[in-house]
Peer 1: 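Here it is, the structure in full.
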Amino acid sequence: MTTIAVITHVDRADVGLVDEVARERGHECRIVRPYRGERLSELDEVGAVVALGGPQAAYEDHPYLADEERFLSEAVGADVPVLAICLGSQVLARALGGAAHPGGAGLEAGIIDVKPADAASGGIAGRFFSFHSDSMTPPASAEVLAASDRYVQAWALGSALAVQFHPEMTLAGVNELLGLEGPKLERFGADVAAMQAEAERYFAAGAPDARDLLDHWFDLLPSDRSRH
Ligand SMILES: Nc1ncnc2c1ncn2[C@@H]1O[C@H](COP(=O)(O)OP(=O)(O)OP(=O)(O)O)[C@@H](O)[C@H]1O
Ligand SMILES: O=c1[nH]c(=O)c2[nH+]cn([C@@H]3O[C@H](COP(=O)(O)O)[C@@H](O)[C@H]3O)c2[nH]1
Ligand SMILES: NC(=O)CC[C@H](N)C(=O)O
């Protein structure tokens, strides 16, 4: 069993498909909410780290995001597997020498097409739920793995995989997020009803690309790395 520290940035403990795949494989997710003052797990207590998304911007001045940057940098330094999602990936970019900034191509929301950076060698591709308006510049030494027609979508550096889209998302999570982010959706003139209808079809079909990506990431975890 591996204990996975799951860093969240919102008041909810629904870790969606990450939790589902973790349970199937006998791993345990330990939710940490640094924005509420909870202490990030000591790295010797966890075998992997997942950093989730959130409404904050990675370049805003929040002390808990600075702590998270340090923690993620130490995790990669210690070769602990890290999966950083959306806001998490923007925080990780800063932690490893890249940057986070407002996105130049506006809000990217709904089910998007992700294409591998190098079509010849396969890699990360498929349809995924996305919701962000910030973007990131990966660290110079990162390998960029995938992009959409608007933004970098995936990169890897050492033991870390960063994805701008949301492989952990469930339909309930989509609906909740769209409800919470009403003002942003309105500001960008998004067609929320069309987005919801497409998300319903996507999740009814089992979100296969998200599932596939998580299966591959979990395959990389040692079967027993609880480090207790
Ligand atoms: N670095 C990576 N980390 C995590 N997942 C990855 C990585 N690269 C690719 N994947 C995921 O692996 C799957 C496909 O990988 P790849 O193109 O290497 O083919 P494959 O391993 O032969 O596929 P499959 O095992 O599904 O037949 C996709 O779900 C993709 O998102
Ligand atoms: O940009 C965002 N604004 C929000 O208001 C918001 N609420 C949740 N999340 C992120 O969405 C993902 C799924 O979380 P849930 O399944 O718990 O809803 C997780 O990655 C969450 O962190 C948000 N992202
Ligand atoms: N879903 C997310 O994590 C979004 C991250 C950040 N708030 C953005 O808008 O890009």
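Only this structure's heavy atoms are used, side chains among them; waters, hydrogens and symmetry mates stay out. When a ligand or atom number is given, it counts from 1 through the structure's own listing order.
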Peer 1: When the ring planes of F165 and F128 are compared, do they come out parallel, tilted or perpendicular, using 30° and 60° as the limits?
Peer 2: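 F165 vs F128 ring planes: parallel.
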Peer 1: So if I count the atoms of ligand 2 from 1 in the order they appear, which ones are less than 4.0 Å from some heavy atom of H166?
Peer 2: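 Going through ligand 2 atom by atom, the ones under 4.0 Å from H166 are 11 (O), 12 (C), 20 (O).
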Peer 1: Answer with yes or no whether E168 contacts ligand 2, where contact means a heavy atom under 4.0 Å from a ligand atom.
Peer 2: yes
Peer 1: Among Q153, Q164, R150, find the residue that satisfies the side-chain hydrogen bond (donor to acceptor under 3.5 Å, both in side chains) test when tested with E108.
Peer 2: Q153
Peer 1: Is Y35 reaching over with its side chain to a backbone N or O of L65, donor-acceptor style, under 3.5 angstrom?
Peer 2: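 Checked: no pair found.
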Peer 1: For T8, state whether at least one heavy atom is located under 4.0 Å from any atom of ligand 2.
Peer 2: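 So T8 does not count as touching ligand 2.
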Peer 1: Taking T2 for the side chain and H27 for the main chain, is one N or O donor matched with an acceptor at less than 3.5 Å?
Peer 2: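 A pair under 3.5 Å: no.
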Peer 1: Answer yes or no: is there a side-chain heavy-atom contact under 4.5 Å between S135 and V152?
Peer 2: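 S135 does not reach V152 side chain to side chain.
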Peer 1: More than 12 non-hydrogen atoms from neighbouring residues, nucleotides or ligands closer than 6.0 Å to CD on E60, yes or no?
Peer 2: yes
Peer 1: So is L177 touching ligand 2 or not, going by heavy atoms under 4.0 Å?
Peer 2: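 Distance cut 4.0 Å: L177 passes for ligand 2.
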Peer 1: Charged N to carboxylate O under 4.0 angstrom, D215 versus R25?
Peer 2: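 Here D215 pairs with R25 in a salt bridge, since their nearest N and O are under 4.0 Å apart.
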Peer 1: How far apart are the closest heavy atoms of L96 and S73, and which atoms are they?
Peer 2: CD2-CA, 4.1 Å
Peer 1: Tell me whether ligand 2 is touched by G54 - counting only heavy atoms on the residue side and a distance under 4.0 Å.
Peer 2: yes
Peer 1: Could you list each nitrogen or oxygen of ligand 3 that sits under 3.5 Å from a protein nitrogen or oxygen, with the atom names and the distance?
Peer 2:
unit_1   : atom_1 : unit_2 : atom_2 : d
ligand 3 : 1 (N)  : F131   : O      : 2.9
ligand 3 : 1 (N)  : H166   : NE2    : 3.0
ligand 3 : 3 (O)  : G54    : N      : 2.9
ligand 3 : 3 (O)  : G54    : O      : 3.4
ligand 3 : 3 (O)  : L87    : N      : 3.0
ligand 3 : 7 (N)  : G54    : O      : 3.0
ligand 3 : 7 (N)  : P55    : O      : 3.4
ligand 3 : 7 (N)  : Q56    : O      : 2.8
ligand 3 : 9 (O)  : S133   : N      : 3.1
ligand 3 : 9 (O)  : S133   : OG     : 3.4
ligand 3 : 9 (O)  : K184   : NZ     : 2.6
ligand 3 : 10 (O) : Q90    : NE2    : 3.2
ligand 3 : 10 (O) : S133   : N      : 3.2
ligand 3 : 10 (O) : D134   : N      : 2.8

